[in-house]
Amino acid sequence: MRLEYFQMIDRIVDVSLGDGSIRVESTVPGASPVFEGHFPGYPLVPGVLLIETMAQTSGWLLIAIHKFTRMPFFAAVKDARLRTFVTPGQVLSVSAKLLHDGSGFAVTKAAIKCEGSRSATRN
């Protein structure tokens, strides 16, 4: 994960095209300029970057489903919940599932787990 470059995904662990699901992993860096202001003395991954991580995970799922013939663009977040703080050094397991694909748009549901507990969800 390179926060300052919005490179949120380290590796794709599993993709199931038949099931319409994906799982990726990412390790939050120990140091990043992002943490200088968020927050001094208590570094946290900004919630917007957690949402971006889920969006990128969903994007890779759509790229795989469409066999690299289309480029997905992030358009909206219907609902997001940030459940715990994510700090430097933690390993994130991010999953996404395709709910709808057609009519010119796709809908996915995604979640982040950190150390076995849910850290964030997004529709």
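In what follows, residues are counted from 1 in the order of the sequence shown.
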**Student:** How many angstroms lie between CG in Asp14 and CZ in Arg23, if you round to the nearest 0.5 Å?
**Tutor:** 6.5 Å
**Student:** Taking only residues two or more places apart in sequence, or in another chain, which ones meet Ser93 in a side chain to side chain donor-acceptor pair (under 3.5 Å)?
**Tutor:** none
**Student:** Do Val45 and Thr87 come close enough that some side-chain heavy atom pair is under 4.5 Å?
**Tutor:** no
**Student:** With rounding to the nearest 0.5 Å, note down the distance linking CG in Leu50 to OG in Ser119.
**Tutor:** 7.5 Å
**Student:** Would you kindly confirm whether Ile65 and Phe68 end up in one hydrophobic cluster when ILVMFWY residues are joined by side chain heavy atoms under 4.5 Å apart?
**Tutor:** yes
**Student:** Would you say that Met1 contacts Gln7 through its side chain, given a criterion of any heavy-atom pair below 4.5 Å between the two side chains?
**Tutor:** no
**Student:** Identify the heavy atoms of Pro72 and Ile63 that sit nearest to each other, and give their distance.
**Tutor:** CD-CG1, 3.5 Å
**Student:** Which residues pass the salt bridge (Lys or Arg N to Asp or Glu O under 4.0 Å) test with Lys113, sequence neighbours left out?
**Tutor:** none
**Student:** Any heavy-atom pair between the side chains of Leu99 and Lys109 that's under 4.5 Å?
**Tutor:** yes
**Student:** Tell me every residue that passes side chain to side chain donor-acceptor pair (under 3.5 Å) with Glu4, counting only those two or more places apart in sequence or in another chain.
**Tutor:** Ser32
**Student:** Locate the shortest heavy-atom distance separating Phe35 from Pro29; write the atom from each residue and the value.
**Tutor:** CE1-O, 3.5 Å
**Student:** Is any side-chain heavy atom of Pro46 closer than 4.5 Å to one of Val34?
**Tutor:** yes
**Student:** Is any side-chain heavy atom of Trp60 closer than 4.5 Å to a side-chain heavy atom of Val24?
**Tutor:** no
**Student:** Tell me the closest heavy-atom pair linking Ala96 and Thr57, and the distance in Å.
**Tutor:** CB-CG2, 3.9 Å
**Student:** Is it the case that one hydrophobic cluster holds both Ile112 and Val48, taking links as side-chain heavy atoms less than 4.5 Å apart, direct or via other members?
**Tutor:** yes
**Student:** I need the Met54 CE to Leu92 CG distance, nearest 0.5 Å.
**Tutor:** 10.0 Å
**Student:** Does any N or O in the side chain of Gln56 come within less than 3.5 Å of the main-chain N or O of Met8, such that one atom is a donor and the other an acceptor?
**Tutor:** yes
**Student:** For Ser58, what residues pass the side chain to side chain donor-acceptor pair (under 3.5 Å) criterion, not counting sequence neighbours?
**Tutor:** Thr108, Arg122
**Student:** Would you mind reporting whether Arg70 and Leu62 have side-chain heavy atoms less than 4.5 Å apart?
**Tutor:** no
**Student:** Side chains of Arg81 and Asp79, heavy atoms from C-beta outward: is any pair under 4.5 Å?
**Tutor:** yes
**Student:** Heavy atoms only: give me the nearest Thr121-Ala111 pair and the separation to one decimal.
**Tutor:** CG2-CB, 4.1 Å
**Student:** Got a second to check how far Leu61's CG is from Ser16's OG, nearest 0.5 Å?
**Tutor:** 9.0 Å
**Student:** Between CD of Glu25 and CZ of Arg11, what distance do you get to the nearest 0.5 Å?
**Tutor:** 4.5 Å
**Student:** When hydrophobic residues are tied together by side-chain contacts of less than 4.5 Å, even through go-betweens, does Val94 share a cluster with Val13?
**Tutor:** no
**Student:** Drop me the distance from Leu3's CG to Ser26's OG, to the nearest 0.5 angstrom.
**Tutor:** 8.0 Å
**Student:** Does Tyr42 sit in a hydrophobic cluster with other residues, and if so which ones, taking ILVMFWY side chains as linked at heavy-atom separations under 4.5 Å, directly or through other members?
**Tutor:** Phe39, Leu44, Phe85
**Student:** Please identify each residue that fulfils side chain to side chain donor-acceptor pair (under 3.5 Å) with Asp101, with sequence neighbours left out.
**Tutor:** His66
**Student:** Would you say Phe74 ends up clustered with Val107 if hydrophobic residues are merged whenever their side chains have heavy atoms under 4.5 Å apart, either directly or through other cluster members?
**Tutor:** no
**Student:** In the structure I gave you, are the side-chain heavy atoms of Asp19 and Lys97 within less than 4.5 Å of one another anywhere?
**Tutor:** yes
